Protein chains: 2
Amino acid sequence: MHDKPQPLIEIGLTAAIVAVEGDEPHILIAGDSARQDGQPALPYGPFDPLAHRTFEIGLRAWVEAQTGLRVGYVEQLYTFGDRGRHSRPGDTGPHVVSIGYLALTRVPDKADTLEATGAAFERWYRFFPWEDWRGARPRILDETILPLLEEWAGHSEQAEPGRPLSRRARLRLCFGLGGSPWDEEKVLERYELLYEAGLVEEARRDGREAALARASLPKLGQPLRFDHRRILATAIARLRAKLKYRPVVFELMPEEFTLTALQRTVEAISGRHLHKQNFRRLVESAALVEPTGATSTATGGRPAAVYRFRREVSEERPAPGLRLGGRG
Amino acid sequence: MHDKPQPLIEIGLTAAIVAVEGDEPHILIAGDSARQDGQPALPYGPFDPLAHRTFEIGLRAWVEAQTGLRVGYVEQLYTFGDRGRHSRPGDTGPHVVSIGYLALTRVPDKADTLEATGAAFERWYRFFPWEDWRGARPRILDETILPLLEEWAGHSEQAEPGRPLSRRARLRLCFGLGGSPWDEEKVLERYELLYEAGLVEEARRDGREAALARASLPKLGQPLRFDHRRILATAIARLRAKLKYRPVVFELMPEEFTLTALQRTVEAISGRHLHKQNFRRLVESAALVEPTGATSTATGGRPAAVYRFRREVSEERPAPGLRLGGRG
DNA sequence: TCAAAAGTGTTATCCTTACACCCATGT
DNA sequence: ACATGGGTGTAAGGATAACACTTTTGA
């Protein structure tokens, strides 16, 4: 028995804090205190309705307190209530409902406060190696993931009860098989399919039997604690989608940048290669940026013109974003 | 003092349950028990993590228990935690966090169970008269809403602190002024602007002073209890958007229907008139439907071919929906 | 025979995609 | 001089928007 009554439900805010550094997208991983069991975790804080009027205010407050980071853009993703996915078997604590948030920030100049708390940015493709198509089609797909998923899907075209589509059809759609194109926005659907097939560690940890009779299964990407990899998948998917109709990239860019740097950032997030000329035309015709007049010789070759984001676009165009178009 | 410890936070699930009847979109309004103060409310139920594994299961359960209705499609909308918007001044109960859900259903043949509970479907444009552009531009806009909002926006082009855009710019974008087109998906943005300006009753009820010095302000649409009109606005916006890339309309249609009936339903939801020929071509070229062979003479005039939804499209096309295009 | 609603064919226009080529700098 | 990355023009193809017109029924 406790002195204070234990609340039945606790609201937790979990943040996927994104920054892009050196053409690689990163997310903030919480300090060691949250890393028991060797499983990294996203920054997490309980929501106290008495201290903070809204979720967003609460989130900004504890992110800054925990990491010294002032995040810019913040957006709610989804609220997860799956019991089996958060608590362990035999767990008796309060039921935790986690509200996932996406936050964007520029990479901080001095990471002092970050280091002090043990928090650090990590490449997000460590957690989703099959999502990075910038170079070539990721080898892990054909070498590991697809054979296992094909086996799981079997040869049945029959839909399962409660599901409109068969395993096979879902596999085709999520992973772009048999004529379907790869859709970089289906990050969550792909992760959920792997979870359902028992191929990600989180699924086995949550008590789901591996659907395949195997002595050992390969590790598909670095797992995260609780349902944090699912939240990260949601965050990546949302960011990849939002890029196309809202000027959110600029939250991740420095004040001034070259068009190539902008393209590299968009490519890093969307995980695919883009057509240079069309990208430039798109950006300039949408009037998203304006030249500062300066040039940069940082990369070698012909100096590049330096641009800045035109904040006024939000007032002019109804949906200013970067419609990436078909293929690079 | 209570025998049982009172939980600090309670999770409430609030459902916007949509059906289309007679070319009019409706939402389910809860029975009289929830209608004290004369303010209608959406169906609402607390989430009990011990009884239900996920939010969605919990939602389906109490919706059926309360109204006898079996909903088909269910989708989470947003989680609202705004204290000022849910509890009254002086309220001391548990803090309620409401998770909004969108649910689609066909209009039930026999409304017995509905009537028994006092729940009833009501036209959703009663709550948002300015969102129905099917006939003409709604008169309430030019006669009431825009003059008041213009006054609120004043003549300042200055952005407010913490806001990237000026009141005037936001007004222009949300309500399609000065060259900007009317975007039927901005339902929530428009409602929030009216709330901020103190022009909807909910704002005044929540303790927000009317921003305009007026003896009396006109009633803009029927208010709902708590933050339910905000949840409804979110639901309408989401549904209007989703229509364009997922075949969700068919959740609202009977098994068999004519193309005109389908068009009327899409128009009812999106609140705008569509071009007949292009709509038909779109639907048929997307292979969303197939003819049953039968014809219907229900409407007078030449008999219409009867169609049914082709469920297989979900397996074929990556994003089967109805891209409505520019204007009707 | 006429009104009402269903259904078809065709054209102009814009946007996307792709290709080919020229420019400016450092080594 | 040449490699490297920056920057521009223009044509082909497809999707969309808009038009006019024919067909089939009931009253």
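Just so we're on the same page: letters track the sequence lines, and every chain starts at 1. This is a predicted model, so every value here is computed, not measured.
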note = Hits for side-chain contact (heavy atoms from CB on, under 4.5 Å) against A:A19, two or more places apart or cross-chain, chain-then-number order -> A:T105, A:V107, A:F121
task = Over 60° means perpendicular and under 30° means parallel, so classify the ring planes of A:F309 and A:F250, tilted if in between.
result = parallel
ask   = Does B:R137 CZ have over 12 foreign heavy atoms under 6.0 Å away?
value = yes
Whole-Å gap separating C1' (D:dA15) and CZ (B:F279) = 18 Å
ask   = What does nucleotides 1-13 of chain C look like as a protein-contact string, B for base, S for sugar-phosphate only, - for none, at under 4.0 angstrom between heavy atoms?
value = ---BBBBB-B---
task = May I have the distance from B:H275 (atom NE2) to D:dC19 (atom P), rounded to whole angstrom?
result = 7 Å
task = Please state how far atom CZ in A:F257 lies from atom P in D:dG6, giving the value in whole angstrom units.
result = 14 Å
task = Output all residues satisfying side-chain contact (heavy atoms from CB on, under 4.5 Å) with B:R302, sequence neighbours left out; order by chain, then residue number.
result = none
query = What is the distance from CG of A:L282 to C1' of C:dA18, rounded to the nearest Å?
reply = 14 Å
query = What is the distance, rounded to the nearest whole Å, between atom CG of A:L274 and atom C1' of C:dA18?
reply = 14 Å
query = Taking A:E185 as the fixed residue, which of A:K244, A:R240, A:R238 is the one that meets the side-chain hydrogen bond (donor to acceptor under 3.5 Å, both in side chains) rule?
reply = A:K244
inquiry  = Distance to the ring centre below 6.0 angstrom and angle to the axis at most 45 degrees; does that hold for B:R190 and B:W182?
reply    = yes
